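Because the structure is a prediction, the values reported are computed rather than measured.
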Amino acid sequence: MAEESVKVAVRLRPFNSREKARNATLIIDMKGPTTYIKDPSAPSEEAKSFTFDYSYWSHDGSKLEGDGYIAPDPGHPNGKKFADQKTVFQDLGMGVLTNAWDGFNSTLFAYGQTGSGKSWSVVGYGVNRGIVPQFCEEVFNRVDAEKNNGSSTQFEVNFSMLEIYNEIVRDLLNPGSGGKGGLKVRQHPKKGFYAQGLTSALVSSYNDIEKKMEEGTTNRTVAATNMNATSSRAHTIVGITLIQKFKNAAGEETAKTGIVNLVDLAGSERADSTGATGDRLKEGAAINQSLSSLGNVISALAEKSSGKNTRVPYRNSVLTMLLKNALGGNSKTIMIAALSPADINYDETLSTLRYADRAKQIKTKATVNEDPTEKLIRELQEENERLKKMMEGGNIQVPRGDGDDEIQASEGMSEEEIAALKKQLEEEYKAELEENAKQMEEMKKAYEDKLRESQEDSKASSLSDTQAKKQTVPHLSNLNFDPQLTGKIVYFIDGDTKTVGNKKGEQSDIVLAGPSIMAQHAVFTVEGGKIFLEKMAANARLLMNGDPVNQKTEVKHNARLMFGTTQLYLFVNPKERDAAKTPYPEITFEMAQDEIAACSGFDMNTENKSQDDLLLQEDLADMIPAVEEANSISQELDKKLKFEIIIVSSEARGELSGRTEVMVRVSNLETGYEWVWSKNKFIDRKYVMQELFQKYDDGETWDVPPEQDPFYENPEDPVHIGSVKVWLQSLAYLIELKEQLEITDFRGRQMGIFNLEVVPCNKKGKEYTEADDVFVDDPEELVGKDLHFMVKVNSARGIPARYTDLYARFIAPGQTDFTETAQISGTSNPNWNFKKQYDLPVVKPEHVKMLRDGAMMVQIWGDQKSGQAKKSVNTKKEMEKLSMAAQQVHHGNANVKTVDAGKVKYMMQSALLEKRQKKYEEKMSQLRKMVKVANSHHKVRVETKVINEVLNASSWKEAEKQINKIPKDSGGDEIPKSGACTIL
């Protein structure tokens, strides 16, 4: 069969509630298959365009039908181009089904940043079903149609749901697998990941699949709720295998198989937002690794499709191993790129479009999977015999091929490594023998036998009973970052009491997992028809509508309840709800998080806020529970670290530009060491913290070496002590700058005094002095000329004694790289005595603007000295001495500035004005002397040339020289002694 390009579709979602609140601007337009994106920071630039197989406009132009289905609205200007769920399925899903029916492998995967609408397209919500449920229903519609038409073909449909989280594969249909069952994923010491064996459940109807999807989604929700929305960091793969058995013309039994993978990838922004450069965990969080690997595979395949001989790195992650056939092998493949319409997501959306554009260049070659069943069994038997002989004779050969399908041994491997690899291969051969035997047994079974076994193993569904009970009985319903997972966990509050605790508690009625859940955490009681909630442990964290619950409190319908740091639930009281005269508002995960942030003292009002303020507000809502969770895990694992939210301006970070950001201050409770992490670095590490806690909670070995420990910071790594902002206006007028400025840390506190000079000089480095008088009246005079200057980092005074090995770093005007001084140790008052010349061969207008209006940030760095370590510090007890989480946030956020940046700028400008005034006075003195000399020699006028040379004289000596020419000026005409005097 001929090669086919990967089919690519992009889909634009509507604004979400937060984007509406901040009055987000639409940056996407679509015309036919072409998508246009506009850079909000460059409105005059032409929009970038990308053409795909489909460009789906699902942003607006819709209406809500009576059953809740979102359909095109003919009365809306965009109603004709609105793409609903049925349209997307007809264009994409039906093609996947047709391919599978014809015996081809097919894969559809959705890519995009978190919240862009991937799950909406793949799975859907409620009656707005996505591709997966529509596909499954249509499979059985076709099976029934074949049977009704008298076909003798036997059909088998196998269904599986897998989730990849941090390179661990979890079988969502088998909640006890924990990644140990189903798909076997191994890692070769030299060649990365490879997969072996896949089990799936045989299903007989769409109802079976719907039930298993519900079970799988619930299992996924449990894991996500335990660890607070890990779904956004996990890839979900729905696998459907369609087998058609029939006899061919020769009377042989033939099996035609179509394997379908429908994939909802994790949020793509994690691939780029991974924290500080060089951090050992930058690629350690596995979601980054898998999405980065997917990007590398797509790029390599695009190059390969253009004729280049490029190696494709499939084995770099579990995800790319599973999608190997889909992307570069025997499969017909479709990619859905989900797009955000908001201006604040421009960079991510543009990145997604470019990603999709590369994927469009990939070509695959699919063939029909049609082989005689008996031939398959015979080949498996022959393979088993070969493996048995190899193992009995001890003749384990180490493969050394060049193909991607072999596990290769590097020629540089030692004998010990080869021996270890042989042992590993022997174990894999044993596993392969077992797998082959299992497959042969499965093939020999009749379809009816397998179906009967599947039905016997299947649990009876209680979904209808649960749904009915939810209409009358008060209950808790989970809130999750992913709307698809919201409402999937339900705990009924029936009876007189309901206790809440962890699995270590004494038979709690509601068992919750996650950090900071106590053995006996809280209790619900029913009294006089009312429901009350109270803590069972004094230090149990329990919030209701964002506020701490410190005493027995009545729980009302729609109350938001937070147990510990990750368990967020909505309380539903059907009786109270149905008796209300007005409907209650719908509560979302984001609303509940905003509420917690507001109760922590942050202004979460969206009115009259700038875009940067709204982004900061959103970051706060996300980070407050994340920091509390990290503190809880630190306590549980006794990691000696305390985390606090801080709000840091760009200047406080030592940067000239950028918005104010949420960061995290990390304090070691034993040593007194302190670090500041960016939001992305903290989030990246928090997911690894969650992994450790999950192992700890499951009773598994969780301790890891420092290089893999998300709590570990190398105490020998330098830290940013503070910064100095140096305004450059003086240099714009070629006036030397000699200042003593305050060093301020990220909270605005003074950390010492800094002495610096910026002095104009000539090309050879000779510094200009006041006597040289190179002052210019207008910086625009510098355009087109060359400019040379010296930066002198002289010293600092009063740096806190807890720092040593002090050095300064800065980016000089017109430069792009940092300049660093030497390190000075053993003192709090370092004398660097550093100087370096910088040159601008041709001054441009932008250089003038930079000098006149801009500044240079100087950062002070150093190592931390260990404080007096406390003996046997227990993290939990030490943290209990501190304020509650909300007070910790306020404390960490106490940006009470001891140094006023505006005042510093004013002082520097005042100093410059004084110097400029002095220069002007010198010029006026020179002009007055010139007039005096002209008058004393009775000159009517002075030549313009002489005046110009006096004005631009580089020194008093040079001005005197020009003035002394006036008496000898024959063109000056002497004033007649009796005549009128011409005023100069």
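Using a 4.5 Å heavy-atom threshold, the side chains of Thr35 and Tyr56 count as separate. Taking the side chain as every heavy atom from C-beta outward, Glu138 and Tyr206 never approach each other to under 4.5 Å. The closest side-chain heavy-atom distance from Val260 to Thr241 is not below 4.5 Å. In this structure, the side chains of Tyr54 and Val10 stay at 4.5 Å or more apart for every pair of heavy atoms. Annotation: side chain of Ile243 is not in contact with side chain of Phe155 (no heavy-atom distance under 4.5 Å). Looking only at side-chain heavy atoms (C-beta outward), Val139 and Val157 come within less than 4.5 Å of each other. At least one side-chain heavy atom of Met161 sits less than 4.5 Å from a side-chain heavy atom of Met213. Using a 4.5 Å heavy-atom cutoff, the side chains of Leu262 and Ile240 are in contact.
In plain terms, the two heavy atoms of Met30 and Trp57 that are nearest each other are SD-N, 3.6 Å. The nearest pair of heavy atoms linking Phe52 to Asp357 is CE2-N, 3.7 Å. When all heavy atoms are compared, the tightest approach of Trp101 to Val143 is CH2-N, 3.7 Å. What you find for Ala100 and Leu242 is that their closest heavy atoms are O-CD2, 4.1 Å. Between Ile334 and Val96 the shortest heavy-atom distance is CD1-CG2, 3.7 Å. The minimum heavy-atom distance between Ala300 and Thr310, with the atom names listed, is CB-CG2, 3.8 Å.
Between Asp84 and Thr87, the side chains place a donor N or O and an acceptor N or O closer than 3.5 Å (distance only, hydrogens not considered). Counted by atom type alone, Thr333 and Thr107 present zero donor-acceptor pairs between their side chains at under 3.5 Å. Using modelled atom types, one finds a donor on one side chain and an acceptor on the other under 3.5 Å when comparing Ser317 with Thr320. For the residue pair Ser121 / Arg11, a side-chain donor-acceptor distance below 3.5 Å is found, with atom types taken as modelled.
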* **Step-by-step side-chain hydrogen bond (donor to acceptor under 3.5 Å, both in side chains) determination, Thr51 to Thr34** => CA-CA 4 Å; Thr51 300; Thr34 303; 3.0 Å; yes
* Verdict with reasoning, Ser58 to Trp120, per side-chain contact (heavy atoms from CB on, under 4.5 Å) -> CA-CA 11 Å; Ser58 302; Trp120 177 36; 3.5 Å; yes
* Asked: Checking side-chain contact (heavy atoms from CB on, under 4.5 Å) for the pair Glu156/Gln244: CA distance, chi angles, key distance, verdict?
  -> CA-CA 7 Å; Glu156 293 184 21; Gln244 303 172 66; over 6 Å; no
* **Candidate pair Glu163 and Ile237, rule side-chain contact (heavy atoms from CB on, under 4.5 Å), full reasoning** => CA-CA 6 Å; Glu163 184 173 79; Ile237 302 175; over 6 Å; no
* Asked: What's the verdict on side-chain contact (heavy atoms from CB on, under 4.5 Å) for Leu319 and Leu265, showing C-alpha distance, side-chain angles and the deciding distance?
  -> CA-CA 9 Å; Leu319 175 68; Leu265 293 174; 3.8 Å; yes
* Could you please spell out the steps behind the ring-ring contact (aromatic ring centres under 6.0 Å, His included) verdict for Phe89 and Phe135? => CA-CA 8 Å; Phe89 176 72; Phe135 178 93; 7.2 Å; no
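Scored by the salt bridge (charged side-chain N to carboxylate O under 4.0 Å, His left out) test, Asp53 finds Lys360 as partners (sequence neighbours excluded). In this structure Glu146 satisfies the salt bridge (charged side-chain N to carboxylate O under 4.0 Å, His left out) test with no other residue, sequence neighbours excluded.
Here CD1 of Ile259 is found 4.5 Å from CG of Asn105. Values are rounded to the nearest 0.5 Å. To the nearest 0.5 Å, atoms CZ (Arg129) and OH (Tyr69) are separated by 9.5 Å. Residue Thr236 holds its OG1 atom at 9.5 Å from CZ of Arg170, rounded to the nearest 0.5 Å. Here Tyr314 contributes atom OH and Asn296 contributes atom CG; the two are 12.5 Å apart, rounded to the nearest 0.5 Å. To the nearest 0.5 angstrom, Lys332 atom NZ is 12.5 Å from Ser5 atom OG. Expressed to the nearest 0.5 Å, how far CG of Leu108 lies from CG of Asn261 amounts to 10.0 Å.
No donor-acceptor pair under 3.5 Å is formed between the side chain of Gln90 and the backbone N or O of Gln85. Formation of a donor-acceptor pair under 3.5 Å by the Asn478 side chain with backbone atoms of Ile489 is found in this model. Asn149 places no side-chain N or O within donor-acceptor distance of the main-chain N or O of Ser151, the cut-off being under 3.5 Å. Judged by distance alone, with hydrogens and angles left aside, the side-chain atoms of Asn148 form a donor-acceptor pair with the main-chain N or O of Asp144 at under 3.5 Å. A donor-acceptor pair is defined here as one N or O able to donate and one able to accept, closer than 3.5 Å; such a pair exists between the side chain of Asn99 and the backbone of Gly95. The backbone N or O of Lys118 lies less than 3.5 Å from no partner atom in the side chain of Asp264, so there is not a single donor-acceptor pair. A donor-acceptor contact shorter than 3.5 Å links the side chain of His235 to the backbone of Ala266. Side-chain atoms of Thr352 do not come within 3.5 Å of backbone N or O of Gly112 as any donor-acceptor pair. For the pair Asp171 (side chain) and Leu173 (backbone), a donor-acceptor distance under 3.5 Å is present.
By the 4.0 Å N-to-carboxylate-O rule, Lys363 lies too far from Glu4 to be salt-bridged with it.
When each of Ser204, Pro133, Cys136 is tested with Ile209 by the rule side-chain contact (heavy atoms from CB on, under 4.5 Å), just one qualifies, namely Cys136.
Both tests do not hold together for Lys212 against Phe159: distance to the six-membered ring centre under 6.0 Å, angle to the ring axis within 45°.
Applying the 6.0 Å contact sphere to NZ of Lys86 captures no more than 12 heavy atoms from other residues, nucleotides or ligands.
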